Number of protein chains: 2
Amino acid sequence: MTTSGVVPQARFSAQARLRALQSDIMELILERELEAGDPLPTESELSGALGVGRNTLRESLKVLQALGVIEIRHGFGMFVAPSNFDALADGLTFRGRLSLRHQGLEALQLVDVRQALESGLIGSSMDVMSKEQLASIEEAVKQMEDLASAGENFVAADAEFHRRLFEPLNNELLINLMGVFWKVYRKIHVEIGPGNEDLVKTAAMHRSIYAAVAAGDKVSASELLNRHFDGIRRRITEAVED
Amino acid sequence: MTTSGVVPQARFSAQARLRALQSDIMELILERELEAGDPLPTESELSGALGVGRNTLRESLKVLQALGVIEIRHGFGMFVAPSNFDALADGLTFRGRLSLRHQGLEALQLVDVRQALESGLIGSSMDVMSKEQLASIEEAVKQMEDLASAGENFVAADAEFHRRLFEPLNNELLINLMGVFWKVYRKIHVEIGPGNEDLVKTAAMHRSIYAAVAAGDKVSASELLNRHFDGIRRRITEAVED
DNA sequence: GGTTATCGGATGTAGGACGTCCGATGCTCG
DNA sequence: CGAGCATCGGACGTCCTACATCCGATAACC
């Protein structure tokens, strides 16, 4: 037995300790009333203040970075981050691809959630939509149509269309979540291959959604979005059945 | 210059390299067709295979663990994880609390998203709801009423009510997301204090929601849920205005 | 005065040493 | 012979040291 002196609180699982460490760091940020963009103490300082080695601390810091809590800049310092959902996207993408090998369950669930969000919120968004925002939506549609007639893929334009659809709500969390879903879907899209999708038809579908929004017809807009998602769902199902 | 032999790909930001490393690990899982619960190579093996130090590797592994991609068991090994959104909850909770110091913007956005999901999906859930599931919902209501009349708080019962409301959809992703929102809301709830909420009134509100669901009245159910969330939103706004 | 070289500090990476935990093997004892 | 326990080996957890890399700022230089 070499346990001379102080015995560390050994009766806790390592995982719990690491989570506690993360909480401590976040608590420290809140206590010191740091705002987004404010600098955090250096690794050495934190390491000393929290009573853990730099290595252990760094593992927690990396997690916080992945969660979008802090931002780390090499050779400069660490800061409270504004917002970053990229890591979540990676995690979900992984699960989605993993599930594609079975029945694509998680991928379909993802579509369900997205559908609920979009068709559920389109009405509210239309309520506060400005003329400029409406115009920017049509612009995205036009871009899709151009790309479609050229036979090129238009995933980016598609994503932009949906993003602009809900920009008026001014809800960053929602935009971020939808961004995550898009990222995942895009990756899955690559996985299941281009398939036999009809670009022109898809573009036309978006044109009709825009038309309903422009006309202020909430019911139609919601309905069309639902049909849009049915199509996506069908494509995933078909791809899995190979 | 001591760059003898191979020069590491030095022209990339450290952050990009770390993300690449995470992707490599996930790619490795997909390539080897590992399923949830399957063991990963040991840290040493991975460290060697990917050509990075154990320390760097561990930082990526910890992130993947936080994202719910892998599960790490001390002294045993690492495994592909089933599903885990806890870390996401922590990240969102932090942002929510951070935003409470301003105008509670992010907290309100969170409620908006939750509202869209719940009032948007209640109809679909009612379509596939079994009698047993309906009964379990009433059970949750009863529990809330009991606790309310006893003057005790019933956050857990409240969360359970909402969870059971959407259990029929069989959408794990949705349940997880809602679980995250609850976790965040609960933490924020503690932050803004018990306030002057009327427990009995809240319980009654849930009773009426249940009644609408039991009666198969989708429109009323959705409407009541919306009103429920309006109340939550009001409480957050009031708490911030101090 | 503008540009460049240098410096200090902070994060990034690597490797080693030791502690801690877990499951499995093999032993002892009833 | 079987149940319980001690031991063992492997794997993750933590810490330390050393060095590389990067960034911003200061100071030297033209």
Side-chain angles (χ1 to χ4, degrees), chain A residues 1-25 28 34 37-66 69-81, chain B residues 1-25 28 34 37-66 69-81:
Chain A
M1 292 293 204
T2 60
T3 58
S4 64
V6 183
V7 180
Q9 78 288 14
R11 287 284 171 259
F12 273 98
S13 78
Q15 194 162 340
R17 252 180 317 186
L18 201 62
R19 287 181 71 79
L21 188 53
Q22 292 166 215
S23 295
D24 284 348
I25 298 170
L28 184 142
L34 299 180
D38 288 352
L40 267 71
T42 68
E43 289 183 352
S44 307
E45 286 172 336
L46 276 179
S47 163
L50 300 177
V52 297
R54 191 162 89 102
N55 226 314
T56 306
L57 175 72
R58 273 178 64 81
E59 286 176 4
S60 285
L61 288 173
K62 288 297 179 182
V63 170
L64 291 181
Q65 180 188 33
V69 172
I70 68 175
E71 185 182 337
I72 304 179
R73 288 168 61 182
H74 186 177
F76 192 30
M78 302 181 292
F79 306 84
V80 180
Chain B
M1 289 294 203
T2 61
T3 57
S4 65
V6 183
V7 180
Q9 77 285 14
R11 287 286 171 258
F12 273 99
S13 76
Q15 192 162 341
R17 254 179 317 189
L18 199 64
R19 285 181 72 81
L21 187 54
Q22 292 165 216
S23 294
D24 284 348
I25 299 170
L28 184 142
L34 300 181
D38 286 353
L40 268 71
T42 68
E43 290 183 352
S44 308
E45 285 172 335
L46 276 178
S47 161
L50 300 177
V52 297
R54 191 165 91 102
N55 234 318
T56 305
L57 175 73
R58 272 179 64 81
E59 287 177 2
S60 284
L61 288 173
K62 286 300 178 182
V63 170
L64 291 181
Q65 179 188 36
V69 172
I70 67 173
E71 186 181 336
I72 304 179
R73 286 168 62 182
H74 188 178
F76 192 29
M78 301 182 294
F79 306 85
V80 181

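Everything numeric here is computed off the predicted structure, so don't read it as measured data. We name chains A, B, ... by the order of the sequence lines, and we start the count at 1 in each one.
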What is the separation between atom [atom1] on [X] and atom [atom2] on [N], rounded to the nearest whole Å?
| X | N | atom1 | atom2 | answer |
| --- | --- | --- | --- | --- |
| B/L21 | C/dA14 | CG | P | 9 Å |
| A/E59 | C/dT11 | CD | P | 16 Å |
| B/I72 | C/dC21 | CD1 | C1' | 14 Å |
| A/F76 | C/dG12 | CZ | P | 14 Å |
| B/L57 | D/dG13 | CG | P | 11 Å |
| B/L61 | D/dA11 | CG | P | 15 Å |
| A/Q65 | C/dG12 | CD | C1' | 12 Å |
| B/F79 | C/dC22 | CZ | P | 13 Å |

* Asked: Closest nucleotide of DNA chain D for B/G77 versus for A/S47: which of these residues is on the 5' side?
  -> B/G77

* To do: On DNA chain D, check which nucleotide each of B/L40 and A/G75 is closest to and give me the residue with the more 5' one.
  =>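 The residue whose closest nucleotide sits nearer the 5' end is B/L40.
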
* Looking only at N and O atoms, is any donor in the side chain of B/H74 or the base of D/dC12 less than 3.5 Å from an acceptor on the other one? ->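 Donor-acceptor pair under 3.5 Å: yes.
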
* Per the atom types in the model, does the base of C/dT13 pair as donor or acceptor with the side chain of A/R54 at under 3.5 Å? -> yes

Quick check for you: among [options], whose closest atom lies nearest to any side-chain atom of [X]?
| X | options | result |
| --- | --- | --- |
| B/E43 | C/dG23, D/dG13, D/dC15 | D/dG13 |
| B/T42 | D/dC12, D/dG13, C/dA10 | D/dC12 |
| A/N55 | C/dA14, D/dT14, C/dC21 | C/dA14 |

* To do: Of all the heavy-atom pairs spanning B/S47 and B/V52, show the shortest one and how long it is.
  => OG-O, 2.7 Å

* Asked: A/L57 and A/L21: which non-hydrogen atoms are nearest, and at how many Å?
  ->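 Reported closest heavy-atom pair: CA-CD2, 4.1 Å.
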
N or O in side chain of [X] less than 4.0 angstrom from [N] OP1/OP2:
| X | N | result |
| --- | --- | --- |
| A/K62 | C/dG12 | yes |
| A/T56 | D/dC15 | yes |
| A/R58 | C/dG12 | yes |

Heavy-atom distance under 4.5 Å between the side chains of [X] and [Y], does that happen here?
| X | Y | value |
| --- | --- | --- |
| B/I72 | B/K62 | yes |
| B/M78 | B/E43 | yes |
| B/L28 | B/L46 | yes |

* Indicate, with a heavy-atom threshold strictly under 4.0 Å, whether B/L18 touches base, sugar-phosphate, or nothing. =>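 No contact.
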
